[in-house]
Number of protein chains: 2
Amino acid sequence: MTEITPGFDFAVSIDCVLFGFDGSELKILLIERNEEPFKDWWALPGNLVNKEESVDQSAQRILKELTGLSDIYMEQYYAFGEVNRHPQGRVISVAYYAMLRLGGEKPLKPLSSYAKKAQWINVADLPKLAFDHQHILNKGLEKIKRRIKHLPLAFELLPEKFTLTQVQSVYELILGKKLDKRNFRKKILSFKVLKELEEKQRGVSFRAATLYKFDKRKYNKLFGKEISF
Amino acid sequence: MTEITPGFDFAVSIDCVLFGFDGSELKILLIERNEEPFKDWWALPGNLVNKEESVDQSAQRILKELTGLSDIYMEQYYAFGEVNRHPQGRVISVAYYAMLRLGGEKPLKPLSSYAKKAQWINVADLPKLAFDHQHILNKGLEKIKRRIKHLPLAFELLPEKFTLTQVQSVYELILGKKLDKRNFRKKILSFKVLKELEEKQRGVSFRAATLYKFDKRKYNKLFGKEISF
DNA sequence: ATTACTTAGTGTAAAAAATACACGTTATAT
DNA sequence: ATATAACGTGTATTTTTTACACTAAGTAAT
């Protein structure tokens, strides 16, 4: 057994997989890199962890610097540690995901010159990505496919007030299959975590649907009980 | 925005949470440390990743060095990255778990002087652990509680041939609750991934139970279908 | 105002799965 | 022979899942 004494010569990076929903398409937040390596390539928002911050804190900072977004709760899902995943040295990347409602309000403005721009890009229509980011993204998609069956991720993608058809669209997009409308409604209402509002949808051609809100209070009370799609 | 250029000054470590089942108790594999910091403390088998190995490879190597165990498939489940989790510098730890059948065959012999010894210790009766290892272990337990509902982890804990009562014990131990015998059997047999053998249990006082094998072939065919406890 | 269009919203019957529940059987040990 | 302790089994009830199609309501165009 050869004993190589390992030193403190690794870098640790964060990569953020942000899913967004604009009412019809599932999107991912990408940046266009302004630095080598992979200058001018599209990439997940990501950068190196600083020594005086935890990886969770780092994820928040990096997301903000590269996209301008702050206070986004992200969940860690995997650490990528292949030897040659970064051309400039040994970098372990810790990946996070989050779900985000889109709708213009949140500005996308990189604060760091590290990114030329940040942009929501349709998952179904992705460019070639830097590093192993396609792989990181694929693994993120797998994770949320599993987790959306048990966790209320869908409501993080939706605006505060939403219609049941919108909820169904999110599930269909993420799971990649069509669901029966009546059965879907029966099931999602059976969890009793949606509050029906007096209000109706506005600004649509054709019949307006009833709006609902996600009731976090009631959801938290469910804890322990499994919900399942 | 202060730009600190981060250097390659992190270390990355692996910690292994190995669950073992001896027929009645759920155990964890711990080592007694022979090095500072936390010399003489109990700890999860863990050490630093070398620069020329992936984190997955590293997990295999480290497990072998500290416990003598090789060819154990481990699954990564979380990266721990608090700033002060290691007293001697900035160390990010990537945690892995595995499930293991116990039964004396596998020798526990640290090959490295880093560990004085390795030992299976009852989960219900743990000593104080080094670093944040208690936290890492707790998170590992949570993970397997969730995953055993959908993945055939139980059979990794059991000998090749096992009785249905043993399978039930494993589920009860990990889930932390009693299950109904007839319903459990009905359900687990309904997945059709257990092969009933001609053979019966031997060396027990009282009536011997029929032995079963896990049929990996059939299990792999199930893929896509969710199995669920 | 009529019409055409599009999405909203609803119920039921059948099948499948989950649950609750108790006793005769069988191998061993004395 | 008997006592022991775990083995192995079935049914009725409830709950959940699935499959399936039409009317209602609002908008837009003529």
Side-chain angles (χ1 to χ4, degrees), chain A residues 21-25 148-150 154 158-159 161-173 175-213 222 224-229, chain B residues 21-25 148-150 154 158-159 161-173 175-213 222 224-229:
Chain A
F21 181 67
D22 65 357
S24 64
E25 308 275 15
I148 202 176
K149 294 196 180 178
H150 305 288
L158 289 164
K161 299 171 183 183
F162 48 79
T163 70
L164 294 182
T165 300
Q166 288 171 332
V167 182
Q168 187 174 343
S169 306
V170 169
Y171 274 90
E172 289 179 344
L173 269 172
L175 298 179
K177 63 180 184 194
K178 286 275 168 205
L179 302 171
D180 178 85
K181 187 172 169 182
R182 281 177 287 190
N183 293 339
F184 180 84
R185 287 171 177 234
K186 204 187 309 176
K187 180 138 195 181
I188 202 134
L189 290 175
S190 77
F191 298 136
K192 314 258 191 199
V193 297
L194 298 187
K195 189 154 89 192
E196 183 174 347
L197 304 177
E198 303 294 295
E199 222 173 327
K200 302 243 163 202
Q201 218 177 6
R202 295 192 50 118
V204 287
S205 349
F206 315 117
R207 180 179 180 185
T210 301
L211 292 169
Y212 289 76
K213 271 174 97 163
L222 281 187
K225 283 170 209 166
E226 286 261 325
I227 73 177
S228 191
F229 267 87
Chain B
F21 180 65
D22 64 358
S24 63
E25 308 276 15
I148 202 175
K149 294 197 180 178
H150 306 288
L158 290 164
K161 299 172 184 181
F162 48 79
T163 69
L164 295 182
T165 301
Q166 287 171 332
V167 182
Q168 187 174 341
S169 306
V170 169
Y171 275 89
E172 290 179 345
L173 268 171
L175 298 179
K177 64 180 184 194
K178 285 279 166 200
L179 301 171
D180 178 84
K181 188 172 169 183
R182 279 176 289 190
N183 294 338
F184 180 85
R185 284 167 181 237
K186 205 187 307 177
K187 179 138 196 183
I188 202 133
L189 291 175
S190 76
F191 298 136
K192 314 259 193 202
V193 296
L194 298 189
K195 188 154 88 191
E196 183 174 349
L197 304 177
E198 302 294 292
E199 221 174 327
K200 302 247 162 195
Q201 218 177 4
R202 294 192 49 116
V204 288
S205 347
F206 315 118
R207 180 178 180 184
T210 302
L211 292 169
Y212 289 78
K213 271 172 97 163
L222 281 187
K225 283 170 208 165
E226 286 259 327
I227 73 177
S228 190
F229 268 87

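Just the heavy atoms: all of them, side chains too, but no hydrogens, waters or symmetry mates, feed the values below. A, B, ... follow the sequence lines: proteins, then strands. Residue 1 opens every chain.
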Determine the contact category for S190(A): base if any of its heavy atoms lies under 4.0 Å from a base atom, sugar-phosphate if only primed atoms, P, OP1 or OP2 are that close, otherwise nothing.
nothing
Value for CD1 (I227(A)) from NZ (K149(A)), rounded to nearest 0.5 Å, stands at 13.0 Å
Is the number of heavy atoms from other residues, nucleotides or ligands within 6.0 Å of NZ (K161(B)) greater than 12?
no
F184(A) CZ to dG9(C) P: how many Å, rounded?
13 Å
Let's see if you can work this out: which of dA8(C), dT18(D), dT9(D) has an atom nearest to the side-chain heavy atoms of K181(A)?
dA8(C)
Taking only side-chain N and O atoms of K187(A), does any of them lie within less than 4.0 angstrom of OP1 or OP2 on dT17(D)?
yes
Contacts of L164(B) and K186(B) projected onto DNA chain D by closest heavy atom; the upstream (5') one is L164(B)
For the residue pair R207(A) and Q201(A), what are the closest heavy atoms and their distance?
O-OE1, 4.4 Å
Can you name the nearest heavy-atom pair linking L173(A) to S24(A), along with the distance?
CD1-O, 3.5 Å
F229(A) vs F184(A) aromatic rings, parallel, tilted or perpendicular, using cut-offs 30° and 60°?
tilted
To the nearest Å, how far apart are Q168(B) CD and dG8(D) P?
12 Å
Between CD of Q166(B) and P of dA6(D) the distance, given in whole Å, is 13 Å
How many whole angstroms separate atom CG of D180(B) from atom C1' of dT11(D)?
13 Å
What string of B, S and - do you get for nucleotides 22-30 of chain D 5' to 3' if you count protein non-hydrogen atoms under 4.0 Å?
--BBBB---
Please confirm whether the shortest side-chain N or O distance from T165(A) to OP1 or OP2 of dA8(C) is below 4.0 Å.
yes
Applying a 4.0 Å non-hydrogen cut-off, can you work out what T210(A) is touching in the nucleic acid: base, sugar-phosphate, or nothing?
sugar-phosphate
State which residues pass ring-ring contact (aromatic ring centres under 6.0 Å, His included) with Y212(B); sequence neighbours excluded, sorted by chain then number.
none
Looking only at side-chain atoms of A209(B), point me to the closest of dA20(C), dC7(D), dC20(D).
dC7(D)
In this structure, are over 12 heavy atoms from other groups packed under 6.0 Å from K187(A) atom NZ?
yes
Nearest-Å distance, CG (L211(B)) to P (dA27(C))?
14 Å
If you only use heavy atoms from C-beta on, which nucleotide in dT10(C), dG8(D), dC20(D) is closest to the side chain of R185(B)?
dG8(D)
Within this structure, what is the CD1-to-P distance between I227(A) and dT17(D), rounded to whole angstrom?
12 Å
Measure the distance from CG on L189(A) to C1' on dA8(C) and round it to the nearest whole Å.
13 Å
Using whole Å, what does the distance between atom P of nucleotide dA17(C) and atom CZ of F191(B) come to?
10 Å
Of R182(B) and S228(B), the one whose closest DNA chain C nucleotide lies more 5'
S228(B)
